[in-house]
Chemist: 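Below is one structure. I have some questions about it.
Proteins get letters first, then strands, A, B, ... in listed order; numbering begins at 1 in each. From a predicted model like this one, the values you see are computed outputs, not experimental measurements.
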Amino acid sequence: MDELKILSWNVNGLRTRFKGGYLKQVFELNLDILCFQEVKSTEDQIPKKLKEIEGYHSYFCPSKILKGYAGVAIYSKNKPKTIEKSFSNSDYENEGRILKADYGDFILFNIYFPSGAGSKEKLERKFNFYKYFLDEMKNLSEIGKNVLICGDFNIAHNEIDLVNPARAAKNPGFLKEERAFLNKLINSGYTDTFRMFNGDPENYTWWPYGHNCREKNVGMRLDHFFVSESLKETVKSAYILSDIEGSDHCPIGVDMVL
DNA sequence: CGTAGTACG
């Protein structure tokens, strides 16, 4: 019976959140694993006192394509057996979007999904990313692996997960293809942990900067924590920490007993 | 508009 507490947060700049004292707030929660997205730093740009937080091992997957863009990180009390920066069926290690940590008892994915806003090419790349992701998750669940997936999906799943669904349906974040992708993940045996415990609207994890959107709670639930069927009953709670500010996203998390 | 570096969400 091991407790496992994991948090996921799109920090929108790890160094800026560190300087502002916001990172301290999540490290003080004394969790086992913290997953960050949009780190926006190469490893050499991260100061030592940020890289080496007492009690944690840290792992980074920065973008090698565009400096100051994307990037994911994992801070973990226990050392994973292996760390990978792509799916096993594809080659995404330069993108700064994936950290796959195999702890033996379970595999944790920390993912910054493409937003795909803008060009048609970016949308295509995004759907490709979905394909490789789903392929990997299906393979792992079929061989009975315990899988956790957290991160910024850049997708609101259902109408309950955003403010104006009719208007949003034309925009990346709530396209029918994106929503269908999450349905496919669920059909592959994965569960949205937040909805195991909370069926209410107005639970968001992202708000646009400006226009007092956050104060008015005009946002979307874009960050998710999925678990494989094999882990579903180990999830004791799933939460959104909307009081933790700084980024345009707020942290989410799960408490489990493995 | 913020983050980071001149694009991207």
Chemist: Between B/dG2 atom C1' and A/His211 atom NE2, what is the distance in whole Å?
Modeler: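 About 13 Å, once rounded to whole Å.
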
Chemist: Can you tell if the side chain of A/Ile74 reaches within under 4.5 Å of the side chain of A/Phe36, non-hydrogen atoms only?
Modeler: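 Of all side-chain heavy-atom pairs linking A/Phe36 with A/Ile74, none is under 4.5 Å.
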
Chemist: Atom CD of A/Gln45 to atom P of B/dT3: distance rounded to whole Å?
Modeler: 15 Å

Chemist: Round to a whole Å and report the spacing from CZ of A/Phe18 to P of B/dT3.
Modeler: 16 Å

Chemist: A/Lys122 side chain N/O closer than 4.0 Å to the phosphate oxygens (OP1, OP2) of B/dG9?
Modeler: yes

Chemist: Identify which nucleotide among B/dT3, B/dG5, B/dG9 has an atom closest to any side-chain atom of A/Ser115, counting heavy atoms from C-beta outward.
Modeler: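 It is B/dG9.
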
Chemist: What class does the angle between the rings of A/Phe153 and A/Phe226 fall in, given that below 30° is parallel, 30 to 60° is tilted and above 60° is perpendicular?
Modeler: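 Answer is tilted, since the angle falls between 30° and 60°.
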
Chemist: I need the full list of side chain to side chain donor-acceptor pair (under 3.5 Å) pairs touching residues 27-37 of chain A, with sequence neighbours left out, sorted by first then second residue.
Modeler: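 Residue pairs passing side chain to side chain donor-acceptor pair (under 3.5 Å), neighbours aside: A/Ser8-A/Gln37, A/Lys24-A/Glu28, A/Asn30-A/Lys77, A/Gln37-A/Asn110.
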
Chemist: Measure the distance from CG on A/Asp223 to C1' on B/dG9 and round it to the nearest whole Å.
Modeler: 13 Å

Chemist: Just say parallel, tilted or perpendicular for the rings of A/Phe109 and A/Phe87, cut-offs at 30° and 60°.
Modeler: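 Ring orientation, 0 to 90° scale: tilted.
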
Chemist: Send over the distance from A/Tyr112 OH to B/dT3 P, rounded to a whole Å.
Modeler: 14 Å

Chemist: Parallel under 30°, tilted from 30 to 60°, perpendicular over 60°: which one fits the rings of A/Tyr132 and A/Tyr92?
Modeler: perpendicular

Chemist: Do the ring planes of A/Tyr59 and A/His57 sit parallel (below 30°), tilted (30 to 60°) or perpendicular (above 60°)?
Modeler: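 Aromatic pair A/Tyr59/A/His57 classed tilted.
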
Chemist: Calculate the interatomic distance between A/Asn10 atom CG and B/dT3 atom C1'; express it in whole Å.
Modeler: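 Going from CG in A/Asn10 over to C1' in B/dT3 covers 11 Å.
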
Chemist: Is the distance from OP1 or OP2 of B/dG2 to the nearest side-chain N or O of A/Arg17 less than 4.0 Å?
Modeler: no

Chemist: Rounded to the nearest Å, what distance is computed from the CD atom of residue A/Glu215 to the C1' atom of nucleotide B/dC1?
Modeler: 13 Å

Chemist: Using a strict heavy-atom distance below 4.0 Å, which residues from residues 60-70 of chain A are in contact with DNA chain B?
Modeler: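 Hits under 4.0 Å, by residue number: A/Leu66, A/Lys67, A/Gly68, A/Tyr69.
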
Chemist: Return the 5'-most residue of the pair A/Asp152, A/Gly210 with respect to DNA chain B, ranking by each residue's nearest nucleotide.
Modeler: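 Residue closer to the 5' terminus by nearest nucleotide: A/Gly210.
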
Chemist: In the structure I gave you, are the side-chain heavy atoms of A/Val26 and A/Ile244 within less than 4.5 Å of one another anywhere?
Modeler: yes

Chemist: Please report, rounded to the nearest Å, how far the P atom of B/dG2 is from the CZ atom of A/Arg15.
Modeler: 18 Å

Chemist: NA contact type, A/Gln37, heavy-atom cut-off 4.0 Å: base, sugar-phosphate, or nothing?
Modeler: nothing

Chemist: By nearest heavy atom, map A/Tyr209 and A/Glu38 onto DNA chain B; which one lands nearer the 5' end?
Modeler: A/Tyr209

